[in-house]
Asker: 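For reference, the structure I am asking about is given below.
Letters go in sequence order (proteins before strands), and every chain restarts at 1. Here the structure is a predicted model, which is why all the values come from computation and not from measurement.
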There are 2 protein chains.
Amino acid sequence: MEEYQDHSLSGRVFQKIRENILNGKYKEHDELRENTIGKELGVSRTPVREALRQLELEGLVSIVPNKGAYVTGISSKDVDDIYIIRSMLEGLCARWATENITAAQLDELDEIILLSEFHIKKEGGVSADQVTELDGKFHSILYEASNSKILGHVLTDFHKYVQMARKTSVVSEERARKSIREHKQILRAIREKDTDLAEQLANEHIMQVIQNLKKQGYEQTGGENGKD
Amino acid sequence: MEEYQDHSLSGRVFQKIRENILNGKYKEHDELRENTIGKELGVSRTPVREALRQLELEGLVSIVPNKGAYVTGISSKDVDDIYIIRSMLEGLCARWATENITAAQLDELDEIILLSEFHIKKEGGVSADQVTELDGKFHSILYEASNSKILGHVLTDFHKYVQMARKTSVVSEERARKSIREHKQILRAIREKDTDLAEQLANEHIMQVIQNLKKQGYEQTGGENGKD
DNA sequence: CCGTGTATAATTGTATACAATTATACACTT
DNA sequence: AAGTGTATAATTGTATACAATTATACACGG
């Protein structure tokens, strides 16, 4: 989905600006001038404009006609809200996935869990990028398995939104282990066609992430985090 | 929010194309050529491109790099899914609104209900546009009152998505009366700070809409409906 | 006759040019 | 000296021009 994002210039500009908003380089209420950003990235105004228009739809940028584009940003309350909404929707997703998942998708999920366990056993310090990547993959397969374009779309959006917060969250080894254990439980419930349990577990799984975030304080949201 | 949509050319092109997708003029898998649409609307390719990029993000259009933009459309299953998701989220919204609503917003809601009752009593045949408009207003105030930018954003999106289906749905006078009655109940629960009840009622309110849609069959989704 | 390759046309991707709007600076009036 | 009006600059909005990619047509070889 949205594969053009990688190939086209506009797509890459879009991703770059979003990244700069999420990692705090562009701060709330900053004015995003088309020329400035274009020169920064070595492109003309056109792809920058397209990117800004898309970001407006995502809610990260607010455009005032004939005036300019301003960073809306994402507050820690927004992150909280997203997790609460996600916990409901991931539950629904697990329910629908239980009803529609294919054997191939079940295999994929198995594979991901195996890989996750491999990566976490491998090193003392957990490889954050790898684990985060696999966690994302696990959920996105569930999105597909739900067989609901709409639900998948919303959840994917949210997922991208909080990816920064998540990257800092899942990094603790303890949490990573628990997360994988939860994934395994969800997968078992799905395999055994226990829709109610799958829903409940997926719901709680996201709630756990919230707990974890709260424990850390996640002040890093919106600040430099050395990624990239 | 998104006020530029009305002023800028790109914004109007965006709305026009979306309308044409939702009302079925542009059908699933249709290729949307920038030049063609531009000539149709009497504008250049630039605003059309911007509009198509935005529509891709909304999921109504799918863009293949260097090839073209294709209508994704919205199936009746999509509409079903949206209502189910909405019923959960409207519940959450009512809960949060109960906790955060202001006196002014309560007054606005009162006003809307009064207006709705006025319009429905006025004529034998219910004025669909008016009632739909007021229904939309009622919900959007609740979105604001929830004090959650994120939740409001998602629900607004969904609302727009299904506005066509809704327009045909709420049109029956019986349903319109019930809908207003449900709004009144929700409002009372909010005013009495009964969060659980508000959530439950808002949830059921959307469920009712689903029931109503199913009863009608809503085959009109995606077909010409003479609006505009 | 079918398939392949090349030339041509059509379409998208990006950059630039021009128009319209908004911000800024500074002189002028009071 | 403060406020206002106008000229100028800066920025956004739209259109057009050019480049790159993809689709189409047709000739050629099998």
Asker: Got a sec, which residues hit ring-ring contact (aromatic ring centres under 6.0 Å, His included) with A/Tyr26, two or more places apart in sequence or on another chain?
Answerer: none

Asker: Let me know the distance between CD of B/Glu31 and P of D/dT22, rounded to the nearest Å.
Answerer: 14 Å

Asker: Kindly indicate, with the supporting measurements, whether the criterion side chain to side chain contact (heavy atoms under 4.5 Å, CB included) is fulfilled by A/Ser75 and B/Lys149.
Answerer: CA-CA 10 Å; A/Ser75 68; B/Lys149 189 182 79 180; over 6 Å; no

Asker: Measure CG/A/Leu9 against P/C/dT14 and give the value in whole Å, please.
Answerer: 5 Å

Asker: Can you tell which of D/dT14, C/dA15, C/dT12 lies closest to the side chain of B/Asn66?
Answerer: C/dT12

Asker: Please step through side chain to side chain contact (heavy atoms under 4.5 Å, CB included) for the pair B/Leu106 and B/Leu187, ending with a clear verdict.
Answerer: CA-CA 8 Å; B/Leu106 282 170; B/Leu187 179 52; 3.6 Å; yes

Asker: For B/Arg33 and C/dA10, what is the distance between atoms CZ and P respectively, to the nearest whole Å?
Answerer: 11 Å

Asker: Does atom CD (B/Glu144) have a neighbourhood of more than 12 heavy atoms from anything else shown, all under 6.0 Å?
Answerer: no

Asker: Tell me whether A/Glu40 is salt-bridged to A/Lys25, with the criterion being a basic N under 4.0 Å from an acidic carboxylate O.
Answerer: yes

Asker: Could you walk me through whether A/Val43 and A/Arg12 pass side chain to side chain contact (heavy atoms under 4.5 Å, CB included), step by step?
Answerer: CA-CA 11 Å; A/Val43 300; A/Arg12 290 201 298 276; over 6 Å; no

Asker: Are the side chains of A/Val61 and A/Tyr70 in contact, using a 4.5 Å heavy-atom criterion?
Answerer: no

Asker: Could you tell me how far apart B/Leu32 (CG) and C/dA10 (C1') are, to the nearest whole angstrom?
Answerer: 17 Å

Asker: In a check of side chain to side chain donor-acceptor pair (under 3.5 Å) between B/Ser10 and each of B/Glu50, B/Arg49, B/Gln54, which one passes?
Answerer: B/Glu50

Asker: Starting from C1' on C/dT16, measure out to CD on A/Glu34 and report it in whole angstrom.
Answerer: 14 Å

Asker: Would one find a side-chain N or O of A/Lys67 under 4.0 angstrom from OP1 or OP2 of D/dT12?
Answerer: no

Asker: Examine the side chains of A/Glu90 and A/Tyr83 and answer whether a donor and an acceptor come within less than 3.5 Å of each other.
Answerer: no

Asker: What is the distance, rounded to the nearest whole Å, between atom CZ of B/Arg53 and atom P of C/dT14?
Answerer: 8 Å

Asker: Can you tell me if the side-chain N/O atoms of A/Ser10 get under 4.0 Å from OP1 or OP2 in C/dT14?
Answerer: yes

Asker: Using Watson-Crick and G-U wobble pairs with both distances under 3.5 Å, what is the 5'-to-3' dot-bracket string of DNA chain C, with [ ] for crossing pairs and | for pairs outside the strand?
Answerer: ||||||||||||||||||||||||||||||

Asker: Taking only heavy atoms on the protein side, list every residue of residues 35-50 of chain A lying under 4.0 Å from any atom of DNA chain D, sorted numerically.
Answerer: A/Arg45, A/Arg49

Asker: Specify the separation, in whole Å, of atom CD of A/Glu56 and atom P of D/dT12.
Answerer: 14 Å

